[in-house]
Amino acid sequence: MPITVVDPQRVEALVAELQAALPGAVSTDKGDLDRASTDGSHLSPVIAAQLPLGRAQVVVTPASVDDIPVVVRAAVRHGVPITPRGKGTANYGQTLPMAGGIVLDLSRLRRVVEVGDGFLTAEAGAALIAVEQAANRAGQQVLLYPSTAQSTIGGFVSGGSGGTGSIRHGMLHTGFVTALDVVHATTDAEIVHLEGEATEPYLHKYGTVAIIARVTVRLEPLQDWRALFASFDDFHDLVGVIQRIGALEPTPRLVSGDGAVLAAALPKDPAIVPGTASLRAILDEATVAEATALIEAAGGTVVDVRSGPQACIKLSMTSYNHPIEWLQKAYPNTYFHVEVLGDGLVDRLDELEAVYPGGMLHIEAQRGRPIGMLAGRYSSPEEVYAGFPRIEALGIGYHNPHQWFVDYEPEATRELAATTDPHGILNPGKLDVAPTVDTGSQL
Ligand SMILES: Cc1cc2nc3c(=O)[nH]c(=O)nc-3n(C[C@H](O)[C@H](O)[C@H](O)COP(=O)(O)OP(=O)(O)OC[C@H]3O[C@@H](n4cnc5c(N)ncnc54)[C@H](O)[C@@H]3O)c2cc1C
């Protein structure tokens with residue numbers, strides 16, 4: 001696919017202006033441009049086949065949140081696009097600078113600004129793992145963090161959905177974020193403070209409506225967590241009990257399950273037993289005995305129970321999309337996945353896995369309905385899309401992870417962007433083209 005770039009003379013004028021205003025923050029080094037032009041979209045063979053989809057012409061790495069409006073005002077004046085970037089782990093191509101221009105790398109803005117009673121404020125580039133550790137030091141914990149714990153809080157609230165903590169607290173849109181400092185792409189751009197419901201339209205918008213400079217999230221009291229590993233000879237038995245483990249009180253932070261092939265692709269761990277299905281859970285210490293009884297009654301065996309935050313973070317890094325990534329590492333160029341949701345994951349497991357050749361489910365317990373990633377052997381985009389109605393026919397919801405458009409409230413997002421980004425310079429390409437296939441319900 002031909003790569004779109006901005007007239008180089010316009011970019012040169014912008015670079016000169018930014019170098020003068022923000023010395024040391026501006027790079028046109030080839031290696032920096034290369035690194036800023038990739039993300040986690042290799043997870044989708046459909047998107048990977050279309051790469052490269054964009055290339056940065058300049059990378060700006062602000063050292064202070066106050067530099068963000070300076071960059072934005074200059075970009076508006078010169079008519080140069082800006083694609084914000086945290087850690088670049090987004091797996092739908094959301095972070096690719098499809099119209100060229102600036103990649104605004106926020107990773108140096110990583111200060112945890114304040115930890116209060118029940119809240120934490122951090123700069124957008126703070127890693128979730130650092131945010132969780134700062135909360136832990138104050139006897140608290142974040143409500144949610146993704147399996148990419150090294151990714152940034154700004155990237156998570158702009159491109160992510162949920163993760164560890166979601167069984168109890170749901171996804172991004174359920175009260176996790178309490179305040180944002182944002183910068184709109186206008187000629188007089190400055191930092192704007194938003195609170196409560198006013199933050200909602202800015203979540204999961206791929207940086208198309210504003211650059212997020214600071215994020216305030218809710219905290220809760222720290223719990224005494226355990227990382228539990230269990231094995232099952234039959235994946236059906238694991239799937240049959242996973243929601244009951246997820247329903248324990250105090251609510252588990254995470255309960256993930258994989259059949260033997262997916263489990264074998266995970267990083268080697270003595271508690272993941274070769275040839276068996278693997279259940280991994282982050283449980284409140286008070287529920288370990290009850291969970292063990294449920295596992296044993298379902299035909300499983302508890303292999304290990306570990307203490308400490310490191311054990312729990314490590315376990316969380318084998319949840320959500322990670323088993324798919326490990327599967328792809330074990331079998332290069334072989335598998336794709338579709339996000340799936342509903343009781344059918346439990347009740348119609350065999351039919352669901354039969355939708356695609358080599359079908360395998362990774363499952364996560366959730367309050368209400370479980371969610372999961374259905375892996376299948378990849379042949380063509382058409383074969384991937386042909387499976388969607390078959391998944392729906394089983395009464396199972398799906399979300400298509402092979403496209404980069406904002407598909408959470410797209411109309412409202414376009415309306416907001418018309419005001420907050422009137423020149424259309426924020427992460428172009430993510431709002432303006434309608435998907436060719438129904439992308440399903442957002443997970
Ligand atoms: C193997 C794997 C596992 C994953 N597991 C999970 C998971 O468990 N849960 C989950 O929700 N996601 C998951 N993801 C997706 C992704 O890793 C997360 O959403 C992550 O939190 C994104 O953070 P990031 O810093 O990498 O953001 P980036 O990839 O840098 O950015 C994500 C999006 O947000 C925009 N953006 C970044 N920073 C800002 C900002 N400050 N202001 C405005 N816009 C911004 C970018 O332009 C892009 O559109 C996974 C991805 C992979 C590859």
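For ligands, and for the atoms within them, numbers begin at 1 and follow the listed sequence.
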For S319, is the nearest heavy atom under 4.0 Å from an atom of ligand 1? no
Non-hydrogen atoms of D39 versus ligand 1: any pair closer than 4.0 Å? no
Identity and distance of the protein heavy atom lying nearest [atom]:
{"atom": "atom 33 (C) of ligand 1", "result": "G159 CA, 3.9 Å"}
{"atom": "atom 46 (C) of ligand 1", "result": "P84 O, 3.1 Å"}
{"atom": "atom 16 (C) of ligand 1", "result": "T89 OG1, 3.4 Å"}
{"atom": "atom 11 (O) of ligand 1", "result": "S161 N, 2.6 Å"}
{"atom": "atom 10 (C) of ligand 1", "result": "G162 O, 3.3 Å"}
{"atom": "atom 45 (C) of ligand 1", "result": "S158 OG, 3.3 Å"}
{"atom": "atom 21 (O) of ligand 1", "result": "S151 OG, 2.9 Å"}
{"atom": "atom 19 (O) of ligand 1", "result": "G160 CA, 3.0 Å"}

Is any side-chain heavy atom of [X] closer than 4.5 Å to a side-chain heavy atom of [Y]?
{"X": "T413", "Y": "Y206", "answer": "no"}
{"X": "Y356", "Y": "V338", "answer": "yes"}
{"X": "I245", "Y": "L279", "answer": "yes"}

Quick check: does [X] get an N/O under 3.5 Å from an N/O on ligand 1?
{"X": "K87", "result": "yes"}
{"X": "Y320", "result": "no"}
{"X": "G86", "result": "yes"}
{"X": "A90", "result": "yes"}

Salt-bridge present (R108, D67; N to O < 4.0 Å): no
Does R55 pair with D34 as a salt bridge, N-O distance under 4.0 Å? yes
Give the single entry among L104, L426, T148 that approaches atom 13 (C) of ligand 1 most closely by any heavy atom. T148
Could you name the option among L109, L96, T95, I212 that has the heavy atom nearest to atom 32 (C) of ligand 1? T95
Whether over 12 other heavy atoms sit under 6.0 Å from R73 CZ: yes
Within a 6.0 Å radius of atom CZ on R110, are there more than 12 heavy atoms belonging to other residues, nucleotides or ligands? no
Does [X] approach ligand 1 within less than 4.0 angstrom via side chain, backbone, both or neither, non-hydrogen atoms only?
{"X": "L106", "answer": "side chain"}
{"X": "A213", "answer": "neither"}
{"X": "I324", "answer": "neither"}

Counting each atom of ligand 1 from 1 as listed, which ones have a heavy atom of [X] under 4.0 Å away?
{"X": "Q94", "answer": "47 (O), 48 (C), 49 (O)"}
{"X": "Y206", "answer": "35 (C), 47 (O), 49 (O)"}
{"X": "G88", "answer": "24 (P), 26 (O), 28 (P), 29 (O), 30 (O)"}
{"X": "E325", "answer": "1 (C)"}
{"X": "G207", "answer": "43 (C), 44 (N)"}
{"X": "N427", "answer": "47 (O), 49 (O)"}
{"X": "A210", "answer": "43 (C)"}
{"X": "A124", "answer": "41 (N)"}

Check: Y92 ring centre within less than 6.0 Å of H399 ring centre: yes
Does the side chain of [X] come under 3.5 Å of the side chain of [Y] through a donor N or O and an acceptor N or O?
{"X": "Q328", "Y": "H42", "answer": "no"}
{"X": "S27", "Y": "D29", "answer": "no"}
{"X": "R280", "Y": "S278", "answer": "yes"}
{"X": "E132", "Y": "Q141", "answer": "no"}

Begin from the C-alpha positions of N427 and M98 and carry the test side-chain contact (heavy atoms from CB on, under 4.5 Å) through to its verdict. CA-CA 7 Å; N427 204 355; M98 290 179 180; 6.0 Å; no
R218 side-chain N/O to G175 backbone N/O, donor-acceptor pair under 3.5 Å: yes
Under the side-chain contact (heavy atoms from CB on, under 4.5 Å) test against E409, which residue among K205, E415, H204, R414 passes? K205
Check the angle between the aromatic planes of Y331 and Y335 and answer parallel, tilted or perpendicular using the 30° and 60° thresholds. perpendicular
